[in-house]
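See structure below.
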Amino acid sequence: MEIERKFTLKSLPDNLESYPSHHIEQVYLNYNPVIRARKQDDEYYLTYKGSGMMARDESNLPLNEESYYHLREKADGTVISKRRYLIPLEHPGFKEGFPTPPADYSLTIELDVFDAPFAPLIMAEVEFGSKEAAEAFVPPAWFDKDVTYCKEYHNSYLALELHHAPEA
């Protein structure tokens, strides 16, 4: 089960290049259900995603390079290429009434900087262990709009429908 929220940003962290990152390229073979082939650095995956916006089933299977490029040729829509930065979020905020997490609790912000034709789109995703935690999460001040429930900001929609970044 994948449980995540998506956000646009007001600003980028000053030291973005200091965080670990991956180059990701992904293509979509189907929209409903979502079937995606992804190249992340030198690793390759086939992913199935069930229905849903914030929480949905997700299964990953390893691919080899040859299989990825074979599937890439069969994909619908536009190839999505982006740089994903992994930014630790120590002591994340949660709404009042949510159980206080342990002192060493942290989350990871996955900040995606999209390449053309989707540039200058930049989004942040945060994954959670429960729907309750996701709903109680208070985003950092540098986050902007919560676009979790906006289909236009889901990668599969971008690739198959828009072919360019959504309007801000």
Is it true that Asp144 and Lys10 have a side-chain N and a carboxylate O under 4.0 angstrom from each other? no
Where Lys131 and Ile3 come nearest, the two heavy atoms and their spacing: N-CD1, 3.8 Å
Under the ring pair (Phe, Tyr, Trp, His ring centres under 6.0 Å) definition, can you give me all pairs with a residue in residues 12-56, not counting sequence neighbours? Tyr44-Tyr68
Between Phe143 and Phe128, is there shared hydrophobic-cluster membership here, with clusters defined by ILVMFWY side-chain heavy atoms closer than 4.5 Å? yes
If two hydrophobic side chains count as joined below 4.5 Å and joins carry through other members, does Tyr69 share a cluster with Leu63? yes
Can you check whether Val126 reaches Thr108 side chain to side chain, under 4.5 Å on heavy atoms? no
Any chain of hydrophobic side-chain contacts (each under 4.5 Å) joining Leu158 to Ile24? no
Would you mind reporting whether Leu29 and Leu46 have side-chain heavy atoms less than 4.5 Å apart? yes
Give the minimum heavy-atom separation between Glu90 and Ser106, together with the two atoms involved. CA-CB, 3.9 Å
Return the minimal non-hydrogen interatomic distance between Val79 and Phe118, and the atom names on each side. O-CE1, 3.9 Å
Rounded to the nearest 0.5 Å, what separates atom CG in Leu121 from atom CD1 in Ile80? 9.0 Å
Name the residue from Lys82, Arg84, Arg5, Lys6 that meets the salt bridge (Lys or Arg N to Asp or Glu O under 4.0 Å) definition with Glu110. Arg84
Gap separating the CD1 atom of Ile87 from the OG atom of Ser18, nearest 0.5 angstrom: 8.5 Å
Considering only NZ, NE, NH1 and NH2 on the basic side and carboxylate oxygens on the acidic side, decide whether Lys95 and Glu135 come within less than 4.0 Å. no
List the atom of Ser67, the atom of Asn64, and the distance in Å for their closest heavy-atom pair. N-OD1, 2.7 Å
Over all atoms of both residues, closest heavy-atom pair of Trp142 and Ser11: CE3-O, 3.3 Å
Hey, is Arg72 close enough to Glu25 for a salt bridge, meaning N to O under 4.0 Å? yes
Find out if a path of hydrophobic residues (ILVMFWY) with successive side-chain heavy-atom gaps under 4.5 Å connects Ile109 to Leu12. yes
About how many Å separate NZ of Lys49 and CZ of Arg56, when rounded to the nearest 0.5 Å? 4.5 Å
Using the ring of each side chain (for Trp, its six-membered ring), is Phe94 parallel, tilted or perpendicular to Phe98, with breaks at 30° and 60°? parallel
Is there a path from Phe137 to Leu9 through hydrophobic residues (I, L, V, M, F, W, Y) whose side chains come within less than 4.5 Å of each other? yes
Please identify each residue that fulfils side chain to side chain donor-acceptor pair (under 3.5 Å) with Thr148, with sequence neighbours left out. Asp146
Please find the pair of heavy atoms, one from Glu127 and one from Leu107, that lie closest to each other, and give the distance. O-CD2, 3.7 Å
